[in-house]
Amino acid sequence: MWRSLPFLLIQNNNCTKDEEKALTEYAKGVKELEKGIGICLVGSGQEYDRARKLQDKMNSNLSHAKGRIQALTKSIEEKKEQQTKDNRNSRSSQNGNKATGIKAPPQLKKNVTRSNSFSRILHDKSKKDSQYKSTKVSQQISNKNKDEEMAVNQVNKVSHLKNVDSKHANLILNEIIEKGRGVSFDDIGGMNNAKQILEEIVILPALRPELFTGLRAPARGLLLFGPPGNGKTLLAKAVATQAKATFFNISAATLTSKWVGEGEKMVKAMFATARELQPSIVFIDEVDSLLCERKENENEATRRIKTEFLVGFDGVISDASERILIMGATNRPWELDDAALRRFVKRVQVPLPDVNTRKDILKKLLSKESNCCFTEKDYNDLARITENYSGSDIAALARDAALMPVRELKVEQIKTVDPSKVRGLKLNDFISAMKTIRPSMSVESLSKFEEWNSKFGVI
Ligand code: ATP
Ligand code: MG
């Protein structure tokens, strides 16, 4: 496939459709190459060397293909722009004809007028449609273009990193860097304290680095801790979307199980890549399983990964000029190694939602329901009676309550009912759902968090 593509392009150099087709084929090719590069090689000997060479070749093909995708996208965009200009010119020359005053013969005039207005309506509609489509398409193309451009830049930047194997660097680029366009701070109910801290140490310094230097330099280690299901991961995803930084999303499980024997090198490559592509945020979800206290029977590979991580972390802390933040999330903060804990200087608790946060979460969840007419009082009552429910318990409760109106219908009715005719949600649906969806955390386990927070929580 790779050999036939350039031929196809040379033959049809001016044709956008063929270029679009080629673009799709290149995208497929890139996916396949990435799969190939993603295969982890272990062992030694001739077979291994051959496989390594093949992977290097795939890496260089990948970077060529990405460059080609960028060029094609640009060319398509230019041609589309040219076409829009041509259309505009031909329309204005048609208007010019009208201005010459040539009239249709009287016997045809009525039909012509009718058909003219009819075709004008069609023309207007299709113009609006095509304008809408072309704006959307060009927006998509320009987003894609930016992503591609960024990807090519990243590949170029990391391809010559010292002491980093290009295979590892590529794995980092393909599997660890999050392109995050999803959750925003507005999707997260309450948590104003955590949001404000994140804004202060992540988002604002990324926007105005020159303001946050010297004593104002932001912290390099931030730990989000708290009971499960209250939005730690959600907050990190929102940071990925809103901070203008390269976001590395890594989990301990991936390091220890996916790249067996390579985890240590991956950690090293990740810090080198984060340094090269700064400002960067390295997020480690469930950080306790990576940086837990050292145990007697600990496996050697895991110990080495942990040590490499702490060395990398130290490098980030000691160099004031670096704009890298290491962010961890855990629901078992007491299992963290002391050495790791001291590096996370800011430790922010993400607690169970209070009454206002519960109300906010409920409002966000129900705003998506078309025929729900909760009053302010309903929201207040519901927020009050859901004490000790976590954010994810509330989401589960809302999902269960939303099924109540459907459960009232007979099977035959469910098959045919118009969704807009299903009755809206009521407070009673939530009260019924609360019989089966209960808070997932016991009060005793919650006190453990409070205790840890009062000892180690910074804020
Ligand atoms: P864990 O410690 O188990 O990893 P977590 O704190 O990382 O939990 P998330 O995965 O961020 O929890 O949240 C789980 C789900 O709960 C989210 O997908 C979302 O549906 C809901 N949720 C939790 N907190 C909030 C919130 N403040 N606003 C909106 N939704 C929330
Ligand atoms: Mg989580």
Side-chain angles (χ1 to χ4, degrees), residues 176 178 180-199 202 222-242 247-255 281-292 326-336 344 346-369 372 374 379 382-383 386-403 430 433 437-442 445-446 448-450 452-453 457:
I176 291 186
E178 180 113 2
R181 286 205 182 98
V183 185
S184 82
F185 274 162
D186 290 341
D187 299 323
I188 305 175
M191 303 218 276
N192 295 334
N193 185 29
K195 282 182 194 169
Q196 196 194 331
I197 293 166
L198 286 173
E199 202 141 89
V202 186
L222 165 74
L223 181 71
L224 297 175
F225 69 92
N230 288 302
K232 297 182 290 295
T233 305
L234 211 57
L235 269 173
K237 285 187 179 164
V239 171
T241 316
Q242 295 196 233
F247 196 86
F248 295 73
N249 191 353
I250 192 163
S251 81
T254 320
L255 278 177
I281 297 170
V282 175
F283 175 60
I284 319 114
D285 212 351
E286 317 295 349
V287 64
D288 51 285
S289 48
L290 177 68
L291 301 177
C292 53
I326 313 294
M327 191 167 144
T330 175
N331 52 34
R332 310 176 71 79
W334 43 84
E335 291 198 354
L336 281 174
F344 287 108
K346 285 244 171 186
R347 300 159 208 144
V348 181
Q349 183 171 212
V350 180
L352 272 193
D354 61 13
V355 65
N356 289 329
T357 306
R358 293 198 295 271
K359 184 175 163 188
D360 204 13
I361 297 177
L362 283 163
K363 278 191 169 177
K364 285 190 197 304
L365 285 168
L366 294 183
S367 67
K368 293 169 198 151
E369 291 301 299
C372 166
F374 263 43
Y379 281 118
L382 195 50
T386 45
E387 197 176 358
N388 289 336
Y389 276 71
S390 68
S392 64
D393 293 338
I394 295 175
L397 185 70
R399 274 194 295 273
D400 200 63
L403 281 173
F430 277 84
I437 310 287
R438 309 288 309 142
S440 52
M441 285 293 287
S442 66
S445 359
L446 288 172
K448 211 169 168 185
F449 284 98
E450 287 309 324
W452 197 87
N453 186 38

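A quick note: this is a predicted structure, and the numbers were derived from the prediction, not measured. Indexing begins at 1, ligand by ligand and atom by atom, following the structure's order. In this chain, numbering begins with 1 at the start of the sequence shown.
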Donor-acceptor under 3.5 Å (K195 side chain, D186 main chain): no
For atom 22 (N) of ligand 1, the protein heavy atom that lies nearest, with its residue and separation: G391 C, 3.8 Å
Closest approach of any protein heavy atom to atom 20 (O) of ligand 1, naming residue and atom: A395 CB, 4.0 Å
Contacting atoms of ligand 1, where contact means under 4.0 angstrom from a heavy atom of P228: 1 (P), 2 (O), 3 (O), 8 (O)
Non-hydrogen side-chain atoms of W452 and R347 separated by less than 4.5 Å: yes
Atom 27 (N) of ligand 1: the protein heavy-atom neighbour that sits closest, reported with distance to 0.1 Å: G189 O, 3.0 Å
4.0 Å heavy-atom contact, D187 with ligand 1: yes
V350 touching ligand 1 at heavy-atom level, < 4.0 angstrom: no
Top protein contact for atom 8 (O) of ligand 1, by heavy-atom distance: G229 N, 2.8 Å
Options L234, I394, N331, ranked by nearest heavy atom to atom 25 (C) of ligand 1, top entry: L234
S445 side chain vs M441 backbone, donor-acceptor pair below 3.5 Å: no
Option nearest atom 4 (O) of ligand 1 (shortest heavy-atom distance, choices M191, E286, K232): E286
Donor-acceptor pair, side chain of D393 and main chain of P439, under 3.5 angstrom: no
Candidates L223, I284, V287 - the one meeting side-chain contact (heavy atoms from CB on, under 4.5 Å) with I326: I284
Pairwise side chain to side chain donor-acceptor pair (under 3.5 Å) hits with a residue in residues 224-234, at least two apart: T233-D285
CD1 on I394 to OH on Y389, rounded to 0.5 Å: 9.0 Å
Atom 7 (O) of ligand 1: nearest protein contact (heavy atom, Å): T233 OG1, 2.8 Å
Closest protein heavy atom to atom 24 (N) of ligand 1, given as residue, atom name and distance to 0.1 Å: N230 C, 3.4 Å
Protein heavy atom at shortest distance from atom 14 (C) of ligand 1: S392 CB, 3.9 Å
Option with minimal heavy-atom separation from atom 12 (O) of ligand 1, where the choices are A238, G190, G231, A396: G231
Region of I361 that comes within reach of ligand 1 [heavy atoms, distance under 4.0 Å]: side chain
Test ring-ring contact (aromatic ring centres under 6.0 Å, His included) applied to F225 and F344, step by step: CA-CA 11 Å; F225 69 92; F344 287 108; over 10 Å; no
side-chain contact (heavy atoms from CB on, under 4.5 Å) partners for D354, two or more places apart: N356, T357
Whether D187 side chain and S184 backbone form a donor-acceptor pair below 3.5 Å: yes
Metal environment of the Mg ion (ligand 2), protein N/O/S under 2.8 Å: T233 OG1
Side-chain donor or acceptor of K363 paired with backbone N/O of R358 under 3.5 Å: no
Mode of T330 contact toward ligand 1 - side chain, backbone, both, neither (heavy atoms, under 4.0 Å): neither
Residue list, side chain to side chain donor-acceptor pair (under 3.5 Å) with S289, at least two apart or on another chain: none
Heavy-atom side-chain contact between S440 and S390 under 4.5 Å: yes
